[in-house]
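Bear in mind the structure is a predicted one, so any value in this text is a computation, not a measurement. Atoms within each ligand, like the ligands themselves, are counted from 1 in listed order.
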Amino acid sequence: MNTLKTVSSPVSIVDQPALAKSQSSILEIWGGTPLEGKVKISGAKNSALVLMAGALLCSEPCRLQNVPSLADIQGMTRILESLGVKIKQSIDTLELDPTNLTSTDAPYELVSKLRASFFAIGPLLARMGVAKVPLPGGCAIGARPVEIHVRGLKQLGAQVYIEHGVVHAYASQLKGAKIYLDYPSVGATETLMMAATLAEGETILDNAAQEPEVIDLANFCRSMGAKISGAGTKTITISGVPNLHATDYDIVPDRIEAGTFLMAGAITHSDILLESVVPEHLSAVTAKLKEVGFQLTPDANRGLRIQSKGVHTGTEIETLPYPGFPTDLQSLFMALLTLSQGSSVVTETVFENRLGHVPELVRMGADIKVKGNVAVIQGVPFLSGAPVTGTDLRATAALAVAALAANGKTSISGLQHLDRGYANFEQKLRDLGARIERVPTVEA
Ligand code: UD1
């Protein structure tokens, strides 16, 4: 790749005005309009965030392409800038120059707003020998501890302790190790994979997460010269190298955004085509959509078409680590099941508190009963538009999907969650024919 000039970001990464705008606006959706046409899926949020952290491993500039335009990307940009990374952003490209890091302390006020920023601990420690990253804390969907990350870093030879809410990690040279993860945590797999790229000797991660974003991170690190094999299986082997070099890398399409648009097509019984997707990454989701009555047709050109056969039935789903049904699409699939013929059971096993959308769907007329982590849904003939509030990113998206099929107008608050993870959400839906507007609230 071309050597990049190190320039500071020309855009305001702070984006407090954008956050204030998200908090002081609502989405108004008038349901009942079938969708039609094509929608282009953006790069994966969860890949982009961890690849940005991964760039810290490299002592030369890197370029990431197909980066989605999201509040979370802005947040990660601020954190990297606070560590001394020079960042230039244009449309969907990020140029990151981590040559001269000026700090190894991630600031609390930034990390607390973006849990994924904790993943910076692995690359910082591996490259700089020291990292101080505040505990990310819980969030709306669960406690989200990090002990699997910490235990793995210790096994790589780091001295790690937690003081005043900050994880301190030190290692003059990480050493390869055989590490068994108690749970195939996506974040812990990514933290340890990144740390091991610069460790001395070989690391084997057993019971590793197999998510496509883990594969994307491995491919990104390999494009910088890392030696990694087995990503996408339960066993990943990393042979440490002394340093990594510049790269130019294209981020994988967002399977969760793609799944969201599949649900939007399904719930409105429409015929739409998703462009720029990897259909294999959605196998568990498309299998369930077929089972309940939809036709899914991948094409050779990274396309995926969904068509309705008229009605859809209920089913059972259980969220699981990949390749199981993704927790990030549980709320969206539940929105679809509220209008199915018959009953359904949805079991959330990945996060302990991820049913915040249920009371809001019930406000729209859904028939859902919850016991613990299990929701039983009895399909109803119609939903009714209502004022509702999103409690987290995917819960808010699920309410928007439900609103597309509801009678009348739904007004959705909580857009600060939605804007964390969906690029041009309402524009993409409007281009498909949905009646959707973002409007300022009266107070604003
Ligand atoms: C990532 C995704 C998130 C997705 C999740 C599961 C990013 C930025 N976010 O989150 O969108 O919903 O994967 O697919 O990539 N756990 C522990 N101890 C640990 C680590 C995790 O108990 O040290 C638990 C978590 O609390 C959770 C479960 O393991 O209950 C799964 O978490 P994990 O796979 O780590 O998810 P994240 O990487 O945080």
Side-chain angles (χ1 to χ4, degrees), residues 43-54 68 70-73 75-76 79 111 113-122 133 135-155 160 162 167 169 179-195 205 207-218 220 234 251-252 254-257 259-260 281-282 284-285 318-333 347-356 373 392-398 417-418 420-422:
K45 168 180 86 79
N46 288 347
S47 260
L49 290 172
V50 72
L51 267 58
M52 288 173 75
L70 302 170
D72 272 8
I73 299 295
M76 189 58 122
I79 289 164
V111 173
K113 292 195 184 79
L114 178 58
R115 196 181 180 285
S117 58
F118 185 77
F119 306 166
I121 195 167
V133 183
L135 281 167
C139 68
I141 62 174
R144 310 193 78 164
V146 291
E147 85 287 357
I148 306 175
H149 305 238
V150 168
R151 204 176 305 133
L153 291 175
K154 284 183 179 168
Q155 286 177 267
V160 188
I162 299 170
V167 182
I179 300 172
Y180 176 83
L181 282 74
D182 289 343
Y183 181 90
S185 153
V186 176
T189 303
E190 293 169 341
T191 291
L192 300 176
M193 189 201 292
M194 289 188 279
L205 300 179
N207 198 30
Q210 302 173 73
E211 269 69 0
E213 296 75 24
V214 171
I215 303 177
D216 212 31
L217 175 63
F220 170 63
K234 282 176 179 293
I251 290 167
V252 73
D254 195 316
R255 66 196 165 99
I256 307 302
E257 187 198 14
T260 301
H281 292 171
L282 286 154
V285 179
E318 180 173 88
T319 62
L320 288 169
Y322 191 87
F325 192 95
T327 174
D328 285 355
L329 289 175
Q330 174 261 107
S331 57
L332 290 129
F333 207 90
T347 307
E348 172 59 53
T349 75
V350 178
F351 288 104
E352 64 271 30
N353 187 21
R354 209 168 196 182
L355 295 171
N373 63 338
D392 65 68
L393 167 57
R394 307 302 171 187
T396 314
H417 301 300
L418 191 76
R420 284 187 39 222
Y422 290 93

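- A salt bridge between Asp392 and Arg420 is absent, with no side-chain N of the basic residue lying under 4.0 Å from a carboxylate O of the acidic one.
- The shortest non-hydrogen separation linking Leu192 to Ile179 is CD1-CG2, 4.2 Å.
- In the vicinity of Arg115, heavy-atom distances shorter than 4.0 Å reach the ligand 1 atoms 39 (O).
- In this view, Glu348 satisfies the salt bridge (charged side-chain N to carboxylate O under 4.0 Å, His left out) rule with no residue, not counting sequence neighbours.
- Donor-acceptor pairing under 3.5 Å is lacking for the side chains of Thr396 and His417.
- Going from atom CG of Leu70 over to atom CG of Leu49 covers 8.0 Å, rounded to the nearest 0.5 Å.
- Checked by distance only, ligand 1 and Glu190 stay at 3.5 Å or farther apart across all their nitrogen or oxygen atoms.
- Taking every heavy atom of both residues into account, Gln330 and Thr319 meet most closely at CB-CG2, 3.6 Å.
- Under a 4.0 angstrom heavy-atom cut-off, Arg394 registers as lying outside contact with ligand 1.
- With ligand atoms numbered from 1 in the order given, ligand 1 contributes 8 (C) to contacts under 4.0 Å with heavy atoms of Ala116.
- Within ligand 1, counting atoms from 1 as listed, the ones closer than 4.0 Å to a heavy atom of Val350 are 27 (C), 28 (C), 30 (O), 31 (C).
- In this comparison of Phe119, Phe118, Tyr183, the heavy atom closest to atom 31 (C) of ligand 1 sits on Tyr183.
- Here Ile256 has no heavy atoms under 4.0 Å from ligand 1, in either its backbone or its side chain.
- In the vicinity of His149, heavy-atom distances shorter than 4.0 Å reach the ligand 1 atoms 23 (O).
- Taking only non-hydrogen atoms, the option from Val214, Val186, Val150 nearest to atom 1 (C) of ligand 1 is Val186.
- Scanning for side-chain contact (heavy atoms from CB on, under 4.5 Å) contacts around Ser331 gives His357, Arg394, Ala398, with sequence neighbours left out.
- By the 4.0 Å heavy-atom criterion, Glu147 is counted among the residues contacting ligand 1.
- For ligand 1, the polar-atom distance check finds an N/O of Pro145 within less than 3.5 Å of one of the ligand's N/O atoms.
- Every atom of ligand 1 with a heavy atom of Gly187 under 4.0 Å away is listed here by number and element: 35 (O), 38 (O).
- Within the 4.0 Å heavy-atom criterion, the part of Thr327 lying near ligand 1 is the side chain and not the backbone.
- Taking the six-membered ring where the residue is Trp, His149 and Phe118 present perpendicular rings, their angle passing 60° and hence far from 30°.
- For ligand 1, the atoms sitting less than 4.0 Å from at least one non-hydrogen atom of Arg354 are 12 (O), numbered in the order shown with element in parentheses.
- Phe220 has its side chain out of reach of Ser47: every pair of non-hydrogen atoms, C-beta onward, lies at least 4.5 Å apart.
- Leu51 is listed as a side-chain neighbour of Leu217, based on a closest heavy-atom distance under 4.5 Å.
- The ligand atoms of ligand 1 that sit less than 4.0 angstrom from a heavy atom of Ile148 are 18 (N), 19 (C), 23 (O).
- Geometrically, ligand 1 and Asp328 share a nitrogen or oxygen pair separated by less than 3.5 Å.
- At least one side-chain heavy atom of Pro323 sits under 4.5 Å from a side-chain heavy atom of Gln210.
- Every N/O-N/O distance between Lys45 and ligand 1 stays at or above 3.5 Å.
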